[in-house]
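Scroll down for the structure; my scribbles are underneath it.
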Amino acid sequence: MPKYKDTQKKYLTQEQIDELEAISNLPKEILFARDWFVLGCYSGLRFGDMEAFNKKDHIKSNRLTLYTSKTGELISIPLTEKLLSLFERVNYKPIPYTNKHYNELLKQIDIGVRLSAHMSRHSAAVRWASLGVPQEIVAKLLAHTSLKTTAIYYKITGYRWDEAFLEAENKANKTPSGRG
């Protein structure tokens, strides 16, 4: 009997990320885990990359640069004001927990969604897709070896559908036949 595989990715919307980030009445350890989670929502970092983070090696020329822990793929993204403020919140320190302990800390945060380590990565992918970042760039940022893996996030958001639909409608409304 083949195993059923749920391909539905769990992710946070931008509104949920903002809500999560606004929570302040949490114990220090949970706030630290929350800040790394939010950082993951903006950077797409895997847990292993958060765990291995080192400011000296990974922050260079105002960029986050690293070889990912899973694939060894080089990623380099500009340090936006948002990313800088999040790195400052975690004091540029890596996650000192096991993945299991990190997930246990995240589960204690109540925003109506059960958080897990990998969810921040899914949230980053959906966020980027929703913002119109091309699929090939998101694939590179996430160090996906196949565009099919990245395509899942574009199906979730419907970004490409909406973009194509609106573009077609705009063209149709500008036709010289007087229909628009």
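Just so we're clear, the structure is a prediction, and the values are computed from it rather than from any experiment. Residue indices begin at 1 and follow the sequence shown.
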Sequence neighbours left out, what pairs pass salt bridge (charged side-chain N to carboxylate O under 4.0 Å, His left out) with at least one residue falling in residues 33-50? D35-R89
Does Y67 belong to the same Ile/Leu/Val/Met/Phe/Trp/Tyr cluster as M50, with side-chain heavy atoms less than 4.5 Å apart forming each link? no
Same cluster or not: L142 versus L74, using hydrophobic residues (I, L, V, M, F, W, Y) connected whenever any side-chain heavy atoms lie under 4.5 Å apart? no
Shortest non-hydrogen contact from [X] toward [Y]:
X	Y	value
L106	S116	CD1-C, 3.7 Å
A52	H58	O-CE1, 3.4 Å
P78	L83	O-CD1, 3.7 Å

Can you confirm whether [X] sits close enough to [Y] that some side-chain heavy atom of one is under 4.5 Å from a side-chain heavy atom of the other?
X	Y	answer
E21	L86	yes
M119	V113	yes
W36	Y97	no
S123	Q16	no

Return each pair, listed once, that meets side-chain hydrogen bond (donor to acceptor under 3.5 Å, both in side chains) where at least one residue sits in residues 98-114; pairs must be two or more places apart or across chains. E29-H101, N99-N103
Can you tell me if Q135 uses its side chain to pair, donor with acceptor, with the backbone of L147 under 3.5 Å? yes
Pairing residues for [X] by the side chain to side chain contact (heavy atoms under 4.5 Å, CB included) criterion, not counting sequence neighbours:
X	result
S24	none
S85	K82
D57	N54
I75	L45, L66, T68

Could you measure the distance from the [atom1] atom of [X] to the [atom2] atom of [Y]? Nearest 0.5 Å is fine.
X	Y	atom1	atom2	result
Y11	C41	OH	SG	12.5 Å
I111	E15	CD1	CD	11.5 Å
I59	L79	CD1	CG	4.5 Å
T150	I137	OG1	CD1	11.5 Å
H144	T71	NE2	OG1	9.0 Å
R121	S43	CZ	OG	9.0 Å

Mind checking salt bridge (Lys or Arg N to Asp or Glu O under 4.0 Å) for R63 and listing every partner two or more places apart, or none if nothing turns up? none
With K93 via salt bridge (Lys or Arg N to Asp or Glu O under 4.0 Å) - residues at least two apart: none
With sequence neighbours left out, what residues match Y42 under side-chain hydrogen bond (donor to acceptor under 3.5 Å, both in side chains)? Q14
List in chain and number order the residues that pass ring-ring contact (aromatic ring centres under 6.0 Å, His included) with Y92, two or more places apart in sequence or in another chain; answer none if no residue qualifies. F87
Run the ring-ring contact (aromatic ring centres under 6.0 Å, His included) test against F37 and tell me which residues pass, sequence neighbours left out. none
Kindly state each residue pair satisfying ring-ring contact (aromatic ring centres under 6.0 Å, His included) with at least one member in residues 121-142, sequence neighbours excluded. H118-H122, H122-Y153
